[in-house]
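Below, all heavy atoms of this structure are taken into account, side chains as well, without hydrogens, waters or symmetry copies.
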Amino acid sequence: MKEELIKQGVIYTDMETAVKEYPDLVKEHFMKCVPVHDHKFVALHGAVWSGGSFVYVPKGVKVDIPLQSYFRLNSPESGQFEHTLIIVDEGASLHFIEGCSAPKYNKVNLHAGCVELYVKDNAYLRYSTIENWSKNMLNLNTKKAIVGKNAKMDWVSGSFGSKISMLYPMSILNGEGAKTEFTGISFAGGGQNLDNGFKVVHNAPSTSSVVNAKSISKNGGKCTYRSLVRINENAQNSKSSVSCESLMLDDISISDTIPTNDIRTDEVEFSHEAKIGKISDKTIFYLMSRGLSEEDAKAMIVRGFAHPIAKELPVEYAVEMNNLINLELEGAIG
């Protein structure tokens with residue numbers, strides 16, 4: 001980490017070190033955003049967690065370069081339970097990037113990590129993640145953020161690989177004027193069931209949320225978008241917009257959208273839009289008439305579909321995501 005960030009009081013270390021060197025800070029926040037009774041995999045995580053990242057950004061500090069961590073599961077028939085805890089104090093800002101991957105084994109592996117994000121009043125956090133699991137992985141991660149007054153939480157997510165994925169990042173907008181935005185994409189090939197989505201709870205007036213989710217399925221893969229938008233009685237003058245788009249590349253793939261919208265006050269603006277479709281044969285024919293092969297034409301259409309997500313990532317991660325899409329189209333992942 002850069003020397004000037006250390007001088008400003010920024011802490012970036014592993015969780016084991018944080019527990020020993022910053023016990024009060026960890027104790028105040030650990031398993032408070034994601035309580036152990038959330039579901040059974042969180043309870044398991046709370047009992048056996050190991051590894052992970054700890055970040056604290058002091059009041060008013062603007063971290064102008066992304067901080068990055070990378071997790072890799074290297075053992076067959078094993079579990080990974082890393083814990084990420086990020087605290088962005090009042091008026092501070094941070095972009096944190098997390099990558100995950102695992103090689104292919106013949107045995108099933110389990111990933112049951114936990115991410116807790118605290119965005120204090122007037123602070124900003126962008127959390128970007130690219131997950132590239134092998135197709136023997138059960139990806140059962142839990143991610144939540146608590147967002148304070150006039151603060152903003154942005155999520156950028158790319159989900160590739162895994163046999164089964166059940167992942168629903170969540171923002172809890174506790175402060176007046178809090179905002180959150182989710183931009184995500186998932187790609188399911190043969191034998192994969194990716195059940196992904198987003199959850200947001202509006203707990204204060206004048207809060208806002210924007211959700212843009214995309215999924216791609218091929219060779220019989222199944223993508224499910226599952227979401228929750230809850231606007232509570234005290235969240236008057238709040239706004240929420242949800243858009244989910246699914247693209248199926250053949251006749252045997254499956255795509256479902258299962259939104260839950262729980263609006264408990266009339267003084268809100270809310271919209272929801274869902275689109276599910278196949279690649280147009282006419283579009284493929286047009287591109288092939290311009291000299292592209294059928295495979296290249298499909299790849300171009302898919303990359304264009306994924307572009308709104310790719311443009312939200314740093315250049316090197318956008319390139320990696322496009323490479324992962326190409327590998328998925330070739331059936332080379334997993």
Side-chain angles (χ1 to χ4, degrees), residues 1 5 8-38 42 45-46 49 51-69 71 81-98 113-129 141-157 167-182 198-204 206-209 228 230 232 235:
M1 194 165 68
L5 292 180
Q8 289 176 302
V10 176
I11 302 169
Y12 181 26
T13 186
D14 60 274
M15 277 300 300
E16 284 92 345
T17 300
V19 168
K20 297 174 184 177
E21 298 185 3
Y22 311 99
D24 293 338
L25 202 52
V26 173
K27 184 180 292 186
E28 181 183 351
H29 297 89
F30 185 80
M31 301 302 287
K32 301 294 195 303
C33 181
V34 181
V36 292
H37 54 72
D38 245 21
V42 166
H45 172 91
W49 73 272
S53 300
F54 176 83
V55 181
Y56 172 72
V57 184
K59 292 182 180 180
V61 173
K62 312 290 185 183
V63 180
D64 56 1
I65 58 170
L67 301 183
Q68 306 180 45
S69 68
F71 300 102
F81 305 95
E82 88 284 351
H83 194 97
T84 297
L85 177 57
I86 300 175
I87 305 157
V88 184
D89 217 328
E90 295 180 16
S93 67
L94 171 69
H95 182 191
F96 188 81
I97 303 173
E98 196 166 81
C114 182
V115 176
E116 296 187 287
L117 310 175
Y118 294 86
V119 190
K120 302 299 178 79
D121 294 353
N122 301 301
Y124 173 74
L125 173 60
R126 169 169 287 205
Y127 175 87
S128 303
T129 180
N141 209 346
T142 304
K143 303 180 180 183
K144 284 188 182 181
I146 295 178
V147 188
K149 183 177 181 180
N150 294 322
K152 187 178 183 186
M153 174 71 221
D154 285 345
W155 303 83
V156 181
S157 174
L167 177 60
Y168 322 100
M170 181 177 189
S171 286
I172 303 170
L173 306 179
N174 280 346
E176 183 175 357
K179 299 179 181 180
T180 191
E181 185 169 346
F182 174 83
F198 184 69
K199 297 188 288 185
V200 58
V201 176
H202 294 250
N203 275 336
S206 303
T207 50
S208 66
S209 59
L228 168 68
R230 177 177 295 151
N232 286 322

*Set of residues satisfying salt bridge (Lys or Arg N to Asp or Glu O under 4.0 Å) with respect to Glu176, sequence neighbours excluded*: none
*Residues that Ser128 engages under side chain to side chain contact (heavy atoms under 4.5 Å, CB included), provided they are two or more places apart*: His95, Ile97, Arg126, Val156, Leu313
_For a ring pair (Phe, Tyr, Trp, His ring centres under 6.0 Å) check, start with the C-alpha distance between Phe81 and Trp49, then their side-chain angles and the critical distance, and finish with the verdict._
CA-CA 5 Å; Phe81 305 95; Trp49 73 272; over 10 Å; no
*Are Tyr12 and Phe96 side-chain neighbours, meaning at least one heavy-atom pair lies under 4.5 Å?*
yes
*Determine whether Glu28 and Ile87 make a side-chain contact, defined as any pair of heavy atoms from C-beta on separated by less than 4.5 Å.*
no
*Answer yes or no: is there a side-chain heavy-atom contact under 4.5 Å between Met153 and Tyr127?*
yes
_Non-hydrogen side-chain atoms of Gln8 and Leu5 separated by less than 4.5 Å_ = yes
*Under 4.5 Å between any side-chain heavy atoms of Val26 and Pro23, yes or no?*
no
_If you define the side chain from C-beta out and look only at heavy atoms, does anything of Val10 sit under 4.5 Å from Pro58?_
yes
*asked:* Let me confirm one number: the CG-NZ distance from Asp14 to Lys20, rounded to the nearest 0.5 Å.
replied: 8.5 Å
*Check ring pair (Phe, Tyr, Trp, His ring centres under 6.0 Å) between Tyr56 and all other residues, then give those that pass, not counting sequence neighbours.*
none
*Tell me yes or no: between the side chains of Thr84 and Glu98, is some donor less than 3.5 Å from an acceptor?*
yes
_Nearest 0.5 angstrom please: Ser206 OG to Leu173 CG, how far?_
11.5 Å
*asked:* Between Leu167 and Lys143, is there a side-chain heavy-atom distance shorter than 4.5 Å?
replied: yes
If you look only at distance, which donor and acceptor atoms sit under 3.5 Å apart when one is on a side chain in residues 114-122 and the other is two or more places apart or in another chain?
| residue | atom | partner | partner atom | Å |
| --- | --- | --- | --- | --- |
| Glu116 | OE1 | Met31 | N | 2.8 |
| Glu116 | OE1 | His83 | NE2 | 2.8 |
| Glu116 | OE2 | Met31 | N | 3.1 |
| Glu116 | OE2 | Lys32 | N | 3.2 |
| Glu116 | OE2 | Cys33 | N | 3.0 |
| Glu116 | OE2 | Val34 | N | 2.9 |
| Tyr118 | OH | His29 | O | 2.6 |
| Tyr118 | OH | Cys33 | N | 2.9 |
| Asp121 | OD1 | Lys149 | N | 2.8 |

_Going by side chain to side chain contact (heavy atoms under 4.5 Å, CB included), name the residues that satisfy it together with Ser157, two or more places apart in sequence or in a different chain._
Thr129, Phe182
*asked:* Distance check, rounded to the nearest 0.5 Å: Leu94 atom CG versus Asp89 atom CG?
replied: 12.5 Å
_Residues forming a side chain to side chain contact (heavy atoms under 4.5 Å, CB included) with Lys199, sequence neighbours excluded_ = Tyr168, Met170, Leu228
